[in-house]
Amino acid sequence: MKAYDPQMIEPKWQARWAEAGSNQTAENSEKPNYYVLEMFPYPSGDVHLGHVRNYTIGDVLSRFQRMRGFNVLHPIGWDSFGLPAENAAIRQNSSPATWTYTNIERQQTSLARLGFSYDWSRVIITSDVDYYHWGQWIFLKFWEMGLVERRTSPVNWCPSCATVLANEQVLGGGFCWRCDSPVERRELKQWFFKITEYAEELLNDLDKLDGWPERVKQMQANWIGKSQGAEVIFELCDEHGALVGEPLTVFTTRADTLFGASFFLLAPEHPFVAQLIADDNQAADTRKALEDLVRSAATNSVAERSSGEREKTGAFTGHYAKNPVNGELLPIWVSDYVLMDYGTGAVMAVPSGDQRDFEFARKYGLPIPPVILAPDDPLLKALAGQRERVQNDVDWQEAYDGSGVMVQSGEFTGLAGGKDSEGAAAVITWLEGQGVGRAAVNYRLRDWLISRQRYWGNPIPALYCDRCGIVPVPESDLPVVLPLDVDVTAGKGLADYPQFHEVICPRCGGPAYRETDTMDTFTCSSWYFLRYTDAHNDTAPFASTRADAWLPVDQYIGGIEHAILHLLYSRFFTKALRDAGLLGQGSVELSKNAELLRSGEPFAHLLTQGMVKLNGEVMSKSKGNVVAPEDMIATYGADALRVYILFMAPPDKDLEWSQEGLEGIWRFLQRLWRQVFTLSGQVGQVEAERQADGGSRDAHAADATGARVADPVKANPAATAEAEELRILLNRETHRVIGKVSADLKRFNFNTAIAALMELSNSASRYLRLPLDLRDQALSHRVATTLVLLLAPMAPHFCEELWDNALGNAARGSVHAQNWPSFDAALAQPDSVELAVQVNGKIKARVCVPLHASEDEVREEALAAAASILAGREPKKLIIVPNKLVSIVVE
RNA sequence: GGGAGCGUGGCGGAAUUGGCAUACGCAGUGGACUUAAAAUCCACCGCCUCCGGGCUUGCGGGUUCGAGUCCCGCCGCUCCUACCA
């Protein structure tokens, strides 16, 4: 037996696995398919512990499912377009491509060194033309389907990244997801994917995702932000009530408060505001006030503008909106607390029912008529049943937005008011009858802005022709190849390369300008899981039959930071590709989750793994608190690192890094190593031979476990009986642990699975204290085999070496190709169990009874055991929980 | 403001449906082995105790024969989201 040396065995097995191609996935296996996927990495430097955790979880699952008889697809790739490559290239005076591909090579080496069982023949690199070609193809397909639009709209602009961003990429109330800079609003013409057309389906289908964490589904639902309410039309009037232009529409969730509107608000970006400023007859002071508001809204960062603490400012336009329910003329103001991209950019202000309107009204001296009163509001006594408005103000400290009774609300007075109330429904019905409004649904979700003013991305396959307008690049002209000689260090982009953008219009043959914007990197990651099923297809993004055979992904694993971004976009892509007829059409009945596939859902189960932290803080280069996986592997080996990271916390929780903990696992593996050799008979054999030689001076030396070998006394009957007892216990424990580890791995309870293996190892240690001639060699070997098989998914090299070397199974092939041990509950059951005996809820005694003892038997035993406590009192009640406890109630 | 989650020893964490709280590991203490150290092995390791026992899962109530687990109300922490009309 050699000492456990991971530096020797890990590279050895990695080389053999690679040589044998043992992780390549068969395409037409008789085994059922199982697709395990971890979110692919961005090649932004070295592999860190977060990656190790993510990919270890996926690898354990892959190996476990292979042993359980599945044909597993477990691929890897790189999400390699994006801004960090450009920034790094500028810093290092290199090119984005060089930086990217150098990092990919480094990361690939690191991942291989961790022993991950990827099908390396299916690697996808999104910046490879073989891949992004089909991203362009999908773009054209979406265009054909009417899902692509180029339009002018207020958008998020990151001044530091010098590009626009999608709404989902603006975090924390107005900061860039990449560089954390405050984001600005700009009015620009940009490319969009019309994800809002799928808003309702994206929301409803969340209910089908039973395998997703509730938290993630909730976050997506909140992001989609469905609101039921009404659209209400207000006539635009001058101060005398004469109509002066197009009517204005508002969206409200509180139609029941319509009688409480006392003014009307427009967002600074509302088209009517621009019209007012442009009006030649506009009073100079009004124009200036409006211009100031528009300018400040445009220049303030999104974060500044959306701060709730900021004092609300506004300007009166000189115009009025006529309230359709009572004909009242409401002064129209402009204020930047109204957002152009939610609802219609116009709002009816009900200061008694909305805190923002309340504050605005107080500041500008506008009336605050109460219309919804809480049942305990003192005003209710005075106003109950009051239909006409008599009270035009309140002495409240804040608005009341709860439910209550409608007052001063004409014919609706007395109805219940509130969100989704009877009163709101009645008002909506009335508005519909009058043709001045209708029930409406509004979503918070915006269309996905996908164009980026950056070089290192997938070129948008479109061009501009003076004669033909915007023209899609014909499919036959794909791919639009990204030139690699663009010098980003000189601050250049595609617009500086005429050979890229000066093209001939495919429609008219005239000169045209090719689009120089590239696509958001999230478009690349929104379908890569489909490409893995058919990674080398050069006539289509993927063959439908292949995708249908594998999708949806059975288990997806990644960080919670993608709860909205990547996971929402991927769901949208998958649904759109289904509608394009590319997915879930033909052989769906063959796939495992046919219903999900038909719904266009890409991921059946989702595990969001927690972060790896040090002293409660996220590890980062800037904080200088990074623990490098390479260093840990160099000292303890990949297997110890893998087992440690699985052991220290459940996978979805944050993990606090502990060097001592890792050393504990290192010790466990070394102990287990020696133990397996001893159990397998190899070490014991040596020891026995030595003793047979007449007993050397080493007869008392420690055997491989370090335990002293007992004197080779003649077995006496008592010792034999004890050994038999231990044999039965160890056999039972072995079967119990098979059941426990199997169940735990299915539920991703890796930490308790490892704990159970430690328990079995501890039991085996105790057994090994028996003299060699009293041990059952067959049982010992079986225990060793069980330990090695059960640990194999988590410590693959360690177990492969033991399987091959200690257990002598080289002829049976790799440990990873073996069948998972089957669990027989009967073999794990003890003969007798100890029951706790409770008297009035407190444990007072314990009794030992045979397993499955009859109720009468148990009752009798329990009463006897508790006799001194009961002291003659008659049990009022007696509850037996089989094989657990007996609860006796007296008095 | 809205939403979600969490709170168990010195620490990381266990405890399928309510059923013997603290598994497993780390740290610690004592012992064996050693000239010594390391490594290894063995044992102990929630709190209080008048040594009978009593108490203990953030705090206070409730349901139940029985609550870490379910319900109500607090306190504390974390994450997400946010002038969303």
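Order of the sequence lines sets the chain letters (A, B, ...), proteins ahead of strands, with each chain counted from 1.
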Peer 1: If I take atom CG in residue A/Asn222 and atom C1' in nucleotide B/U81, what distance separates them, rounded to the nearest angstrom?
Peer 2: 7 Å

Peer 1: Say you pick atom C1' in B/A32 and the same atom in B/A37; how far apart are they, in whole Å?
Peer 2: 16 Å

Peer 1: With a 6.0 Å cut-off on the ring centroids, do A/Trp333 and A/Tyr364 count as close?
Peer 2: yes

Peer 1: Any idea which of B/A15, B/G19, B/C83 is nearest the A/Lys884 side chain?
Peer 2: B/G19

Peer 1: Please give the distance between the P atoms of B/G66 and B/A21 as a whole number of Å.
Peer 2: 14 Å

Peer 1: With rounding to the closest Å, how many angstrom separate the P atoms on B/G53 and B/G58?
Peer 2: 28 Å

Peer 1: Is it true that A/Asp357 and A/Tyr337 share a donor-acceptor pair across their side chains at a distance under 3.5 Å?
Peer 2: yes

Peer 1: Tell me, for nucleotides 24-31 of chain B in 5' to 3' order, what letter each nucleotide earns: B for a base near a protein heavy atom under 4.0 Å, S for only sugar-phosphate near one, - for neither?
Peer 2: BSSS----

Peer 1: Using the closest heavy atom to pick a nucleotide of RNA chain B for each, name whichever of A/Leu885 or A/Tyr342 lands nearer the 5' end.
Peer 2: A/Leu885

Peer 1: Is it the case that B/C83 (base atoms only) and A/Lys312 (side chain only) share a donor and an acceptor within less than 3.5 Å, ignoring hydrogens and angles?
Peer 2: yes

Peer 1: Is it the case that the side chains of A/Asp652 and A/Thr608 hold a donor-acceptor pair, with the cut-off being a distance below 3.5 Å and no angle test?
Peer 2: no

Peer 1: Considering only the P atoms, how many Å lie between B/U78 and B/G13, rounded to the nearest integer?
Peer 2: 16 Å

Peer 1: Do A/Gln675 and A/Ser765 meet the criterion of a side-chain donor-acceptor pair at a distance under 3.5 Å?
Peer 2: yes

Peer 1: What string of B, S and - do you get for nucleotides 44-55 of chain B, 5' to 3', when a contact is any protein heavy atom under 4.0 Å?
Peer 2: ----------SS

Peer 1: OP1 or OP2 of B/C84 less than 4.0 angstrom from a side-chain nitrogen or oxygen of A/Lys226, does that happen here?
Peer 2: no

Peer 1: Quick check, are the ring centers of A/Phe668 and A/Trp673 under 6.0 angstrom apart?
Peer 2: no

Peer 1: Just compare B/C65, B/A14, B/A85 and give me whichever is closest to any side-chain atom of A/Ile879.
Peer 2: B/C65

Peer 1: What integer number of Å spans the C1' atoms of B/A14 and B/U69?
Peer 2: 14 Å

Peer 1: Given B/A85, B/G66, B/C80, which nucleotide is nearest the side-chain atoms of A/Gln838?
Peer 2: B/G66

Peer 1: Pick one: which of A/Val371, A/Leu431, A/Val350 meets side-chain contact (heavy atoms from CB on, under 4.5 Å) with A/Leu258?
Peer 2: A/Leu431

Peer 1: Base of B/G66 relative to its sugar, syn (within 90° of 0) or anti?
Peer 2: anti

Peer 1: Salt bridge between A/Lys226 and A/Glu200, side-chain N to carboxylate O under 4.0 Å?
Peer 2: yes

Peer 1: Pick base, sugar-phosphate or nothing for A/Arg444, based on heavy-atom distances below 4.0 Å to the nucleic acid.
Peer 2: base

Peer 1: In whole Å, measure the gap between the P atoms of B/U17 and B/G68 for me.
Peer 2: 15 Å

Peer 1: With sugar-phosphate meaning primed atoms plus P, OP1 and OP2, does A/Asp341 contact a base, only sugar-phosphate, or nothing at under 4.0 Å between heavy atoms?
Peer 2: nothing

Peer 1: Under a 3.5 Å cutoff on both atom distances, Watson-Crick or G-U, what's the dot-bracket for RNA chain B ([ ] crossing, | other strand)?
Peer 2: (((((((..(((......[....))).(((((.......))))).(((....)))..(((((..]....))))))))))))....

Peer 1: Less than 4.0 Å between a side-chain N and a carboxylate O, is that true for A/Arg185 and A/Asp336?
Peer 2: no

Peer 1: I want to verify a distance call: between B/A14, B/C20, B/A82, whose nearest atom is closest to the A/Ile843 side chain?
Peer 2: B/C20

Peer 1: Looking for any heavy atom pair under 4.0 Å, which part of the strands does A/Lys613 touch: base, sugar-phosphate only, or nothing?
Peer 2: nothing

Peer 1: Between B/C50 and B/G54, how far apart are the two P atoms, rounded to whole Å?
Peer 2: 15 Å

Peer 1: Do A/Trp448 and A/Glu168 have a side chain donor and acceptor closer than 3.5 Å?
Peer 2: no

Peer 1: Tell me the interatomic distance from A/Leu768, atom CG, to B/C42, atom P, rounded to whole angstroms.
Peer 2: 11 Å

Peer 1: Which nucleotide in the set B/A4, B/A82, B/C65 lies at the smallest distance from any side-chain heavy atom of A/Val889?
Peer 2: B/C65

Peer 1: Just confirming the chi classification of B/G52, syn or anti, using 90° around 0 as the syn window.
Peer 2: syn

Peer 1: Could you check how far CD1 of A/Ile880 sits from P of B/G66, rounded to whole Å?
Peer 2: 17 Å

Peer 1: Would you say a side-chain N or O of A/Lys877 is under 4.0 Å from OP1 or OP2 of B/C65?
Peer 2: yes

Peer 1: Quick one: are the ring centres of A/Phe264 and A/Phe234 less than 6.0 Å apart?
Peer 2: yes

Peer 1: Measure from the side-chain heavy atoms of A/Pro650 and tell me the nearest of B/A14, B/G3, B/G19.
Peer 2: B/A14

Peer 1: What's the shortest heavy-atom distance between A/Ala166 and A/Tyr569, and which atoms?
Peer 2: CB-OH, 3.5 Å

Peer 1: Write down the distance between CZ (A/Phe750) and P (B/G12), rounded to a whole number of angstrom.
Peer 2: 22 Å

Peer 1: Can you find a side chain N or O atom of A/Arg769 that sits less than 4.0 Å from OP1 or OP2 on B/C42?
Peer 2: yes

Peer 1: Expressed as a whole number of angstroms, how long is the span from A/Glu874:CD to B/C65:C1'?
Peer 2: 16 Å

Peer 1: Let's see if you can work this out: which of B/A23, B/A85, B/C83 has an atom nearest to the side-chain heavy atoms of A/Thr752?
Peer 2: B/A23

Peer 1: In whole Å, what is the span from the CD atom of A/Gln218 to the P atom of B/U78?
Peer 2: 21 Å

Peer 1: How would you label the contact of A/Asn751 with the nucleic acid (heavy atoms, under 4.0 Å): base, sugar-phosphate, or nothing?
Peer 2: sugar-phosphate

Peer 1: What's the CG-P distance between A/Asp652 and B/A4, to the nearest Å?
Peer 2: 18 Å

Peer 1: Classify A/Asp354 by what it touches in the nucleic acid, base, sugar-phosphate, or nothing, heavy-atom distance under 4.0 Å.
Peer 2: nothing

Peer 1: Counting just side-chain N and O atoms, does A/Arg356 come under 4.0 Å of either OP1 or OP2 of B/C84?
Peer 2: yes

Peer 1: Mapping A/Glu834 and A/Ile888 to their closest nucleotides on RNA chain B, which lands nearer the 5' end?
Peer 2: A/Glu834

Peer 1: Taking the C1' atom of each, how far is B/A85 from B/A4, in whole Å?
Peer 2: 24 Å

Peer 1: Answer yes or no: is there an ion pair linking A/Lys613 with A/Glu656, defined by an N-O contact shorter than 4.0 Å?
Peer 2: no

Peer 1: Run the salt-bridge test on A/Arg362 and A/Glu359 with the 4.0 Å N-O cut-off and return the result as yes or no.
Peer 2: no

Peer 1: Would you call A/Asp5 and A/Lys2 a salt bridge, using N to O less than 4.0 angstrom?
Peer 2: no

Peer 1: Can a side-chain donor-acceptor contact be found between A/Thr752 and A/Asp744 if the only test is distance below 3.5 angstrom?
Peer 2: yes

Peer 1: Rounding to an integer number of Å, can you tell me how far A/Leu567 CG sits from B/C80 P?
Peer 2: 16 Å

